[in-house]
Amino acid sequence: MSAWWLPLLVGGALSYGVTLVLLLRMRNLALDVPNHRSMHSAPIPRTGGWALLAGCGLGIAVGPASLPLPVYMSFVLLLAVSAMDDIRHVAAKVRLAFQLIAALMVVLVLPVGLEWWWLPLFVLGGAWMINLYNFMDGIDGFAGSMTVIGFSSLCLAFLLVEDWELAGVCVLFVVCALIFLRFNWPPAQIFLGDAGSTCIGLAAFTLSLFGWQRGAFELWFPIIVFSPFWVDASITLLRRMASGQRWWEAHREHFYQRLAIRIGVAKALYLQLILMIAASVLAFTFSAFAAT
């Protein structure tokens, strides 16, 4: 892990510096203007993900990570359409097409080839993970906290099998997410936006699949770790689909949102943090039992 000290330092410094510039000098660049579905009452920049990704990108560029080129290209592709959506609206079907392509690019270069019937399942799963982060952004502290705890859990699993490359990538995301969380903690000063949320979702998907194929954990491990995210979002969105609502639009029907309205954003976030930690502990407990 010693090779990661410089990437972590420069990545974290850039992420912090870009965040300050976006907040102090470019605050009106891409605003999330509140409406009747929003959890916030004043316009908030949705450019926090730009700073987080700038730090992660620089850290990976100077670090020892050597993932297949199509993996990096998938992030560039997704970042391009998502950053455009932060500035001006991009149609949902166009964004979904780019998300599916990005997930497909990752799946096609996995270390171990998959039987053909796995392909649509993983591609749809990747697009779903990308959208989970996008849906949960805009809720103070939630996406940032899930990133810190989720990627820390993956990092620990990689360290246990001495996969220093993927462990370093995870730590880089954790460091930059902590910097973002400093400004996203209730009351939030900035949100991830589409660029940050979708790319973090793609990163969680990518690291989960590569970690599974490299033998760091079973496939169910990241599913349990990120369950506080996908269970809430999946149940809510499936319910909205079943009732014929426009499920891709902003709303206040997630369990976490309803909890925040009832007891306050900060208290709801602390309860979610407990749930996230419990999910991580549960994943490692199951993993330990499976190994015996």
Side-chain angles (χ1 to χ4, degrees), residues 10-33 38-40 43-61 71-72 74-90 92 95-96 98-99 102-103 126-127 129-151 169-207 226 229 233 250:
V10 298
L14 180 62
S15 183
Y16 186 77
V18 173
T19 301
L20 291 181
V21 170
L22 290 170
L23 280 174
L24 300 177
R25 301 293 183 182
M26 305 173 69
R27 187 173 183 85
N28 296 323
L29 179 60
L31 291 175
D32 189 335
V33 180
S38 302
M39 295 295 294
H40 56 287
I44 296 178
R46 53 174 181 263
T47 53
W50 299 9
L52 188 152
L53 294 175
C56 289
L58 178 61
I60 290 174
V71 171
Y72 300 115
S74 70
F75 280 87
V76 173
L77 182 70
L78 185 60
L79 175 60
V81 69
S82 300
M84 188 181 301
D85 191 54
D86 281 330
I87 298 174
R88 54 182 302 176
H89 177 69
V90 176
R95 285 181 280 129
L96 178 59
F98 275 78
Q99 292 163 5
M129 190 63 185
I130 290 169
N131 277 286
L132 288 181
Y133 259 93
N134 194 15
F135 292 145
M136 291 301 193
D137 185 35
I139 307 175
D140 297 11
F142 196 16
S145 297
M146 186 73 260
T147 302
V148 170
I149 295 174
F151 281 71
V169 174
C170 285
V171 175
L172 183 59
F173 271 90
V174 170
V175 168
C176 293
L178 283 170
I179 293 170
F180 164 74
L181 198 56
R182 156 67 178 81
F183 300 95
N184 182 244
W185 198 259
Q189 302 175 54
I190 198 168
F191 292 139
L192 283 171
D194 278 14
S197 59
T198 58
C199 286
I200 294 176
L202 180 61
F205 171 71
T206 302
L207 290 166
F226 287 95
F229 236 42

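Within the 4.5 Å cutoff, no side-chain heavy atoms of Tyr133 are placed close to those of Cys199. Between Phe151 and Leu172, every side-chain heavy-atom pair lies at or beyond the 4.5 Å cut-off. Counting only heavy atoms from C-beta outward, the side chains of Leu77 and Val81 never approach each other to under 4.5 Å. Between Arg95 and His89 there is a side-chain heavy-atom pair separated by less than 4.5 Å. Residues Thr206 and Phe75 meet the side-chain proximity criterion, which asks for heavy atoms closer than 4.5 Å. Counting heavy atoms from C-beta outward, Leu78 and Gln99 have side chains that approach closer than 4.5 Å.
Taking the six-membered ring where tryptophan is involved, the planes of Phe183 and Tyr16 are tilted, since the angle between them lies from 30° to 60°.
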Margin query: Could you walk me through whether Thr47 and Ile190 satisfy the side-chain contact (heavy atoms from CB on, under 4.5 Å) test, starting with their C-alpha distance in whole Å, then the side-chain angles of each, then the deciding distance to 0.1 Å, before giving a yes or no?
Written below: CA-CA 7 Å; Thr47 53; Ile190 198 168; 3.7 Å; yes
Next item on the list: Begin from the C-alpha positions of Phe98 and Val90 and carry the test side-chain contact (heavy atoms from CB on, under 4.5 Å) through to its verdict.
Entry: CA-CA 11 Å; Phe98 275 78; Val90 176; over 6 Å; no
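Counting only distance, with no hydrogens or angles, the side chain of Asn131 and the backbone of Ala127 share a donor-acceptor pair below 3.5 Å. Using a distance-only test at 3.5 Å, with no hydrogens or angles considered, a donor-acceptor pair links the side chain of Thr19 to the main chain of Ser15. Formation of a donor-acceptor pair under 3.5 Å by the Asn134 side chain with backbone atoms of Thr198 is not found in this model. Proximity of a side-chain donor or acceptor of Ser82 to a complementary backbone N or O of Leu79 within less than 3.5 Å is not detected. Asn184 contributes no side-chain N or O that, together with a main-chain N or O of Gly144, makes up a donor-acceptor pair within less than 3.5 Å. Side-chain atoms of Asp194 do not come within 3.5 Å of backbone N or O of Asp86 as any donor-acceptor pair.
Here the shortest heavy-atom pairing between Thr147 and Phe173 reads CG2-O, 4.4 Å. Of all heavy-atom pairs between Val10 and Leu58, the closest is O-CD2, 3.9 Å. Taking both residues in full, the closest heavy atoms of Gln189 and Pro45 are given as O-CD, 3.3 Å, listed atom of the first, atom of the second, then distance. The minimum heavy-atom distance linking Leu181 with Gly141 is given by the pair CD1-O, 3.7 Å. When all heavy atoms are compared, the tightest approach of Asp140 to Pro187 is OD2-CA, 3.7 Å. Looking at every heavy atom in both residues, Gly11 comes nearest to Cys176 through O-SG, 3.9 Å.
When each of Leu22, Val21, Leu20 is paired with Val18, the side chain to side chain contact (heavy atoms under 4.5 Å, CB included) condition holds for Leu22 and for no other.
Annotation: the span from Ile200 atom CD1 to Leu132 atom CG amounts to 13.0 Å, rounded to 0.5 Å. In this structure, CD1 on Ile44 lies 10.5 Å from CG on Leu23, to the nearest 0.5 angstrom.
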